[in-house]
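Below: one structure, written as structure tokens.
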Amino acid sequence: MTTDTTGTVARDGESRPGGPADSPFIRACRRRPGPHTPVWFMRQAGRSLPEYREIRATVPMLESCRRPDLVTEITLQPVRRHGVDAAILFSDIVVPVAAAGVDLDIVPGTGPVVAEPIRTAADVQRIRLITREDVSYVDEAVRQLVAELGDTPLIGFAGAPFTLASYLVEGGPSRTHAKTKALMYGNPELWHALCGRLAEVTLAFLRVQIDAGVSAVQLFDSWAGALSEADYRRFVLPHSTAVLSGLADAGVPRIHFGVGTAELLGAMGEAGADVVGVDWRTPLDVATGRIGPDKAVQGNLDPTVLLAPWPVVEAEVRRILEQGKAAPGHVFNLGHGVLPETDPEVLTRVVALVHEVSSRRADQG
């Protein structure tokens with residue numbers, strides 16, 4: 001069966017109750033009531049875990065993303081450790097563009113570094129479309145994980161066209177995105193050609209994950225907050241929409257997330273996602289008003305709060321859960337990724353607290 005990858009139909013074609021599709025996470029994404037507010041953490045697959053650091057000590061990032069055994073183990077680590085309501089595939093947003101022929105590496109302490117940044121139409125043409133065979137290691141890892149996770153949903157993910165384009169144009173991470181914006185404003189035809197090609201690569205990459213069995217997908221547009229709403233609508237929204245609307249028939253919830261996107265939340269909500277991620281700068285009840293009543297929200301504890309004393313963490317978790325009630329569905333998460341210096345025990349306590357505070361007991365109606 002390939003028409004339903006969220007668990008209501010088993011892989012052998014036999015219907016069964018429960019499964020990932022009936023999990024608290026998928027129910028919240030679908031704006032349906034569940035037993036408690038689900039919680040998972042962006043960058044939960046490693047970062048703060050000593051068992052992750054041990055694996056990565058001798059294995060470069062891109063290699064670890066291309067080894068199904070390591071992808072499976074690293075993805076499962078936070079599920080075992082924290083009891084989160086969803087796993088997210090261990091990978092990196094540049095994996096599909098590397099598979100598409102872009103010469104790049106993930107440099108420790110820096111991030112993705114591109115050997116020959118995009119400058120011309122010929123450069124764009126060298127980014128080829130990808131097939132399942134190009135990322136067969138991802139297909140294999142997802143299938144292994146679905147078998148291991150049972151009723152726990154697996155989230156697939158990819159980088160959004162704008163964020164990928166920024167890396168490819170800048171040649172690496174950038175604080176100002178000056179080269180990206182110069183290309184965007186100065187040569188909009190080339191810009192749209194680049195983002196259009198990246199949208200096709202991203203869509204194909206997510207399709208591979210969905211066909212292999214992920215229960216939901218998240219599109220990360222990490223750097224979209226560098227833009228005004230007008231520029232976002234002109235230069236970014238059409239390409240994010242191409243990816244998200246291209247998955248409308250896939251049968252899995254689609255999550256869309258960016259950082260510093262308070263003024264973009266309404267536009268991001270138009271891109272076709274079922275859930276909009278919100279960073280820590282915007283209260284969830286305010287965000288819901290901007291996004292609209294037909295989307296669930298995800299977020300939005302400031303990752304640095306986890307470094308504070310526990311009473312502070314607890315108060316902030318309770319505040320976010322209260323504000324999340326304004327949305328038709330709420331997935332508890334951080335407002336960005338787990339910081340490496342975070343104590344894993346604090347993450348475990350946050351999961352337990354979210355479950356306890358949000359538990360919907362029968363005697364409460």
Side-chain angles (χ1 to χ4, degrees), residues 62 65 89 91-106 111-132 134-135 138 156-174 177 179-210 217-227 231-248 250 254-259 261 264 267-268 270-273:
L62 271 179
C65 294
L89 180 71
S91 188
D92 190 273
I93 64 170
V94 299
V95 165
V97 291
V102 176
D103 184 4
L104 59 82
D105 193 16
I106 301 175
V113 175
V114 179
E116 297 182 23
I118 300 295
R119 295 289 180 267
T120 67
D123 295 335
V124 173
Q125 287 301 313
R126 285 197 293 270
I127 304 172
R128 60 183 178 81
L129 301 182
I130 64 171
T131 65
R132 189 199 65 80
D134 293 316
V135 288
V138 172
F157 84 92
F162 173 79
T163 292
L164 293 176
S166 178
Y167 282 117
L168 296 186
V169 173
E170 300 287 342
S174 171
H177 307 281
K179 295 175 183 176
T180 303
K181 291 184 178 183
L183 175 62
M184 194 174 70
Y185 296 134
N187 193 340
E189 183 178 355
L190 179 59
W191 172 260
H192 285 296
L194 172 60
C195 287
R197 176 57 58 90
L198 292 173
E200 291 180 289
V201 171
T202 299
L203 181 57
F205 187 56
L206 290 173
R207 279 282 183 187
V208 169
Q209 297 174 57
I210 291 168
V217 293
Q218 176 156 313
L219 189 67
F220 284 84
D221 210 350
S222 305
W223 309 135
L227 301 175
D231 286 344
Y232 178 86
R233 288 185 177 278
R234 179 182 175 190
F235 295 111
V236 178
L237 182 57
H239 306 291
S240 294
T241 300
V243 176
L244 292 166
S245 63
L247 300 173
R254 298 152 294 171
I255 309 168
H256 196 18
F257 172 75
V259 182
T261 55
L264 308 180
M268 290 181 70
E270 297 170 18

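- Proximity of L194 to I118: side-chain heavy atoms (C-beta onward) are separated by under 4.5 Å at one or more points.
- To the nearest 0.5 Å, atoms CG (L227) and CG (L237) are separated by 11.5 Å.
- Here D231 does not pair with K181 in a salt bridge; the nearest charged N to carboxylate O distance is not below 4.0 Å.
- Side-chain atoms of R197 and L129, non-hydrogen and from C-beta on, do get closer than 4.5 Å to each other.
- The shortest side-chain heavy-atom distance between R233 and E270 falls under the 4.5 Å cut-off.
- Of all the heavy atoms in G111 and P173, the pair that sits closest is CA-CG, 4.4 Å.
- Atom-to-atom distance recorded for H256:NE2 and T261:OG1 is 8.5 Å, nearest 0.5 angstrom.
- No donor-acceptor pair closer than 3.5 Å links the side chain of R126 to the backbone N or O of A121.
- Nearest heavy atoms, I210 versus A250: CD1-CB, 3.8 Å.
- With L206 as reference, T202 is the one residue of L203, V208, T202 to meet the side chain to side chain contact (heavy atoms under 4.5 Å, CB included) rule.
- Without hydrogens or angle criteria, Q218 side chain to G156 main chain gives no donor-acceptor distance under 3.5 Å.
- Among all heavy-atom pairs drawn from C65 and V95, the shortest one is CB-CG2, 3.8 Å.
- Between P161 and V236 the shortest side-chain heavy-atom distance does not fall below 4.5 Å.
- To the nearest 0.5 angstrom, L164 atom CG is 5.5 Å from L198 atom CG.
- A ring-centre distance under 6.0 Å is not found for F162 and F235.
- Ring geometry for H177 against W223 counts as tilted: the plane angle lies between 30° and 60°, on a 0 to 90° scale.
- Here the side chains of L247 and R207 are in contact, with some heavy-atom distance below 4.5 Å.
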Under the criterion side chain to side chain contact (heavy atoms under 4.5 Å, CB included), I'd like the reasoning laid out for Y232 against M268: C-alpha separation, chi angles, the key distance, then a yes or no. CA-CA 9 Å; Y232 178 86; M268 290 181 70; 3.4 Å; yes
Would D103 and V114 satisfy side chain to side chain contact (heavy atoms under 4.5 Å, CB included), going step by step from the backbone distance to the final call? CA-CA 6 Å; D103 184 4; V114 179; over 6 Å; no
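- A donor-acceptor contact shorter than 3.5 Å links the side chain of R254 to the backbone of G272.
- Remark: N187 engages no residue in a side-chain hydrogen bond (donor to acceptor under 3.5 Å, both in side chains) (not counting sequence neighbours).
- Here the NE2 atom belonging to H239 is positioned 5.0 Å from the NE2 atom belonging to H192, to the nearest 0.5 angstrom.
- R128 places a side-chain N or O within donor-acceptor distance of the main-chain N or O of A99, the cut-off being under 3.5 Å.
- Rounding to the nearest 0.5 Å gives a distance of 6.5 Å between CD1 of I130 and CZ of F205.
- No side-chain heavy atom of D123 sits under 4.5 Å from any side-chain heavy atom of L190.
- A donor-acceptor pair under 3.5 Å is formed between the side chain of Q209 and the backbone N or O of F157.
- The shortest distance between side-chain heavy atoms of L104 and Y167 does not fall below 4.5 Å.
- Looking only at side-chain heavy atoms (C-beta outward), I255 and V217 stay at 4.5 Å or farther from each other.
- Taken to the nearest 0.5 Å, the CG atom of D221 stands 5.0 Å off from the OG atom of S240.
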